[in-house]
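The structure under discussion appears below in the form of structure tokens.
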Amino acid sequence: MKMLCQSSEELNELVMEAKACTKHGKVADYIPALAKSNQHDLSVAIHYPDGRCVSAGNVGKKFTLQSVSKVISLALVLMDWGPEYVFEHVGMEPTGDPFNSIIKLETIAPSKPLNPMINAGALVVTHMIKGKTIEERFQRLLAFVRELANENTIHYCEDVASSEFETAYLNRSLCYFLKQHNAINEDIEQLMDLYTKQCAIEMNCLDLARIGVVFAMDGVDLFTGKQVIPVDIARICKTFMVTCGMYNASGEFAIKIGIPAKSGVSGGIMGAVPGRYGIGIFGPALDEKGNSIAGIKLLELLSKNYKLSMF
Ligand code: GLU
């Protein structure tokens, strides 16, 4: 069995097959600006450690990271504070609940969200990004994203950030709940400003695959030879991607596809195939759990064809 996808033509065939299911999905519209996405888009890039990249679909198209950013903010905060401190404030257990659920905060741990991939946990993580001002904290995160992607032009989409900022009532409630329980001690509007900009960081699937390969290679940027993320932190991030990266479909995803991956409501998926390659996908039509419907289909095909599962 082949372990590598050799050409864009080969990848394009899989994209065409996966694309058929975009009609069964729905683009996210609870953030109004995301509702403008084209339901039938599907693009993918696979980045190998030696710098080669194969891609298919409209790969230049940009999208916002949304929840994919949670892995990157987690890595930064772990580098800022160390795992021991971070895991005093956010847990390590999957919830099996939707990403924006408040229920386990109330019934299990009011001041410590169960993991950093659900919104409550991600908000606590963003709260921990070091810096004197919101602007400084955002610029640190953005610089880290640019370093991982090796792309200095990456920015955030103001339209999507302000659209989410204006309508993030549920995220505000999570923040106020956490503030009541001393898990957050900053101004909530400021934190929402930072969080919505973080989620609105924009790139294409080539950039996302490039970030994926850094995680896949244990935090080493093979172009520069630099250890951009410490090995233990890259390992922690990949483990969260396996246990809770694909919302409350993470178990099924681990069985059917079997790689560390993180998805976002914009339709992005970042995959990190350990020791092999990074995958960036954009397909905005979502299934009922909030994952890119064609993205999942495509990963199923890739996993079957190239034996991706690590299990
Ligand atoms: N900005 C989104 C939110 O917090 C991210 C959610 C996601 O992609 O899962 O609602």
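These values consider heavy atoms only, across backbone and side chains, with no hydrogens, waters or symmetry-generated copies. For ligands, and for the atoms within them, numbers begin at 1 and follow the listed sequence.
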### Query
Given Tyr156, which of Tyr195, Phe63, Phe138 fulfils the ring-ring contact (aromatic ring centres under 6.0 Å, His included) condition?
Phe138
State the atoms of ligand 1, each with its element, that fall below the 4.0 Å cut-off from a heavy-atom position in [X].
X      : value
Cys199 : 1 (N)
Phe99  : 6 (C), 9 (O), 10 (O)
Asn119 : 3 (C), 4 (O), 10 (O)
Gly264 : 8 (O)
Tyr247 : 7 (C), 8 (O), 9 (O)
Glu164 : 1 (N), 2 (C), 3 (C), 4 (O), 10 (O)
Tyr30  : 2 (C), 3 (C), 5 (C), 6 (C), 10 (O)

### Query
Hey, are Asp218 and Arg235 close enough for a salt bridge, meaning a charged N less than 4.0 Å from a carboxylate O?
no
### Task
For the pair Glu288 and Lys26, find out whether any cationic side-chain nitrogen is under 4.0 Å from an anionic carboxylate oxygen.
no
### Message
Among all protein heavy atoms in this structure, tell me which lies nearest to atom 7 (C) of ligand 1, with the distance rounded to 0.1 Å.
### Response
Ser67 OG, 2.6 Å
### Message
Checking a contact table here: which protein heavy atom is nearest atom 4 (O) of ligand 1, and how many Å away?
### Response
Tyr195 OH, 2.7 Å
### Query
Which bit of Thr196 gets closer than 4.0 Å to ligand 1, counting heavy atoms only: side chain, backbone, both or neither?
neither
### Task
Mind telling me whether Tyr85 and Trp81 have parallel, tilted or perpendicular rings, with 30° and 60° as the class edges?
parallel
### Query
Does ligand 1 have any atom sitting under 4.0 Å from a heavy atom of Asn171?
yes
Using a 3.5 Å cut-off and no angle test, enumerate the donor-acceptor pairs between side-chain atoms of residues 258-275 and protein atoms at least two apart in sequence or in another chain.
{"residue": "Lys262", "atom": "NZ", "partner": "Gly245", "partner atom": "O", "Å": "2.9"}
{"residue": "Ser263", "atom": "OG", "partner": "Asn291", "partner atom": "OD1", "Å": "2.5"}
{"residue": "Ser266", "atom": "OG", "partner": "Thr64", "partner atom": "O", "Å": "2.5"}

### Message
Side chains of Glu151 and Leu148, heavy atoms from C-beta outward: is any pair under 4.5 Å?
### Response
no
### Task
Establish, for the pair Arg172 and Phe165, whether the NZ or CZ atom is under 6.0 angstrom from the six-membered ring centre and no further than 45 degrees off its axis.
yes
### Query
Going through the distances and angles, do Asp207 and Lys62 end up as a salt bridge (charged side-chain N to carboxylate O under 4.0 Å, His left out)?
CA-CA 10 Å; Asp207 303 320; Lys62 287 187 180 172; over 6 Å; no
